[in-house]
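Remember, it's 1-based here, ligands and their atoms both numbered in the order they're listed.
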Amino acid sequence: MKRIAVLTSGGDAPGMNAAVRAVVRIGIHSGLEVFGVRHGYAGLIADEIEPLTARSVGGIMQLGGTFLGSARSEEFKTAPGRSKAIANLASRGIEALVIIGGNGSQAGAYALHREGFPVVGIASTIDNDLPCTDVSIGVDTAVNVALEAIDRLRVTASSHQRAFLVEVMGRKQGYLALAAGLAGGAELIIIPEVPMEPEEIARGLREAYDRGKEHAIAVVAEGAQYNAEAIAQYFREHGERLGFELRVTTLGHVQRGGAPGAFDRLLATRFGAAAVEALIRGETGVVVVIQEGNVRTVPLEEVVHGTKPLDLRLYELAQVLAK
Ligand code: ATP
């Protein structure tokens, strides 16, 4: 094998740059030529492929996002779209592709693998919903960004005796809300996995004050049965009866943009190196993951067909600790 390419796909995650840097530099160190694909699978189809040198990936490790750009591509979900992508790689003599991304991106990697193109995936998504890995690139930084917001809101909530609601990302999964809420000592955590009515939310916040707390903070995942907007609407309609105001903060994409912390940079660096080492060993059709502290590869099939349910023991712990 002489030529490989690397791309970042789906939602960007802090740490992706460190993973690209490691792929490029370990690749070159191992005697390979490394190409970068701009804008994920869309760029692969549009032939946005360029050679990268050790210098091309200098000064990017501390930046959030991905310098290669990311994208979502409906065309890549079709066989003709993937044929174009494979033809573009083949025309440059590129023999394998490293794909850095979450569930959808690894489903795309699996499709390429089944069509006979050698791929290695790297687990990267802030949602922490990728199966077979304890954690993915970006999770730690995203949790820390949400945590910082919770800590700041607590200061102002204590000063004014106002209840605050912070909405964090997580369309299907409540991991970010749960982790940030638990670490931030939130009074309530509202996640898709545990439905909660607005009346119950209001009661939970009220009880926090009744217990003598100076603050009441709820963390809600955007994909919860009632998201921040729906809960705020309920408080607008029933504010007088509920007897207190609710201030809402939606973090949204702020969470993606954080500068990657040390944990994500180290994880991404180890993942990037392991991906190239796997390809050199002739291993393809796998994803680089971390399990019990060990970086290893697992078959793409297991990742794509697996599930990663939230550990609800953490939710129960948060409930007890909020008392
Ligand atoms: P995140 O978890 O951060 O949102 P992701 O990798 O799950 O990231 P998606 O938007 O789900 O992000 O997927 C990224 C891209 O992967 C899609 O736009 C599409 O091009 C490709 N993809 C997703 N599912 C498939 C599939 N079943 N077959 C082929 N390609 C796919």
Measure from atom 27 (N) of ligand 1 to every heavy atom in A107, A111, G104 and give the option owning the shortest one.
A107

Backbone, side chain, both or neither: what part of R171 comes under 4.0 angstrom of ligand 1, heavy atoms only?
side chain

Could you tell me whether S73 and ligand 1 have an N or O pair separated by under 3.5 Å?
yes

Heavy-atom count check: over 12 atoms from other residues, nucleotides or ligands less than 6.0 Å from R313 CZ?
no

Judging by distance only, is a nitrogen or oxygen of G102 under 3.5 angstrom from one on ligand 1?
yes

Taking distance alone, with no angle check, do T125 and ligand 1 share an N/O pair under 3.5 Å?
yes

NE2 of H238: more than 12 outside heavy atoms within 6.0 angstrom?
yes

Show every donor-acceptor pair shorter than 3.5 Å between a side-chain atom in residues 167-177 and any protein atom, with sequence neighbours excluded, or say none if there are none.
from	atom 1	to	atom 2	distance (Å)
E167	OE1	A228	N	2.8
Q173	OE1	Y175	N	3.1
Q173	NE2	K308	O	3.1

Backbone or side-chain N or O of N103 under 3.5 Å from ligand 1 N or O:
yes

Side-chain donor-acceptor contact under 3.5 Å, S56 with T53:
yes

Just distances here: any N/O of R72 and N/O of ligand 1 closer than 3.5 Å?
yes

Protein heavy atom at shortest distance from atom 8 (O) of ligand 1
G11 N, 3.4 Å

Using a strict 4.0 Å cut-off to heavy atoms of F76, name the atoms of ligand 1 that fall inside it.
20 (O), 29 (C), 30 (N)

Which residue pairs satisfy the salt bridge (Lys or Arg N to Asp or Glu O under 4.0 Å) criterion with at least one member in residues 14-38, sequence neighbours excluded?
R3-E33, R38-E50

Does any N or O atom in S105 lie less than 3.5 angstrom from one in ligand 1, N or O only?
yes

Against V98, only a single residue in I122, V37, V288 fulfils side chain to side chain contact (heavy atoms under 4.5 Å, CB included); can you say which?
I122

Atom 29 (C) of ligand 1 has as its nearest protein heavy atom G108 CA, 3.5 Å

Sub-4.5 Å side-chain heavy-atom contact between I99 and Y41
yes

Does a side-chain heavy-atom distance below 4.5 Å link V304 with V287?
no

Nearest protein heavy-atom contact for atom 15 (C) of ligand 1: which residue, which atom, what distance?
S9 OG, 3.8 Å

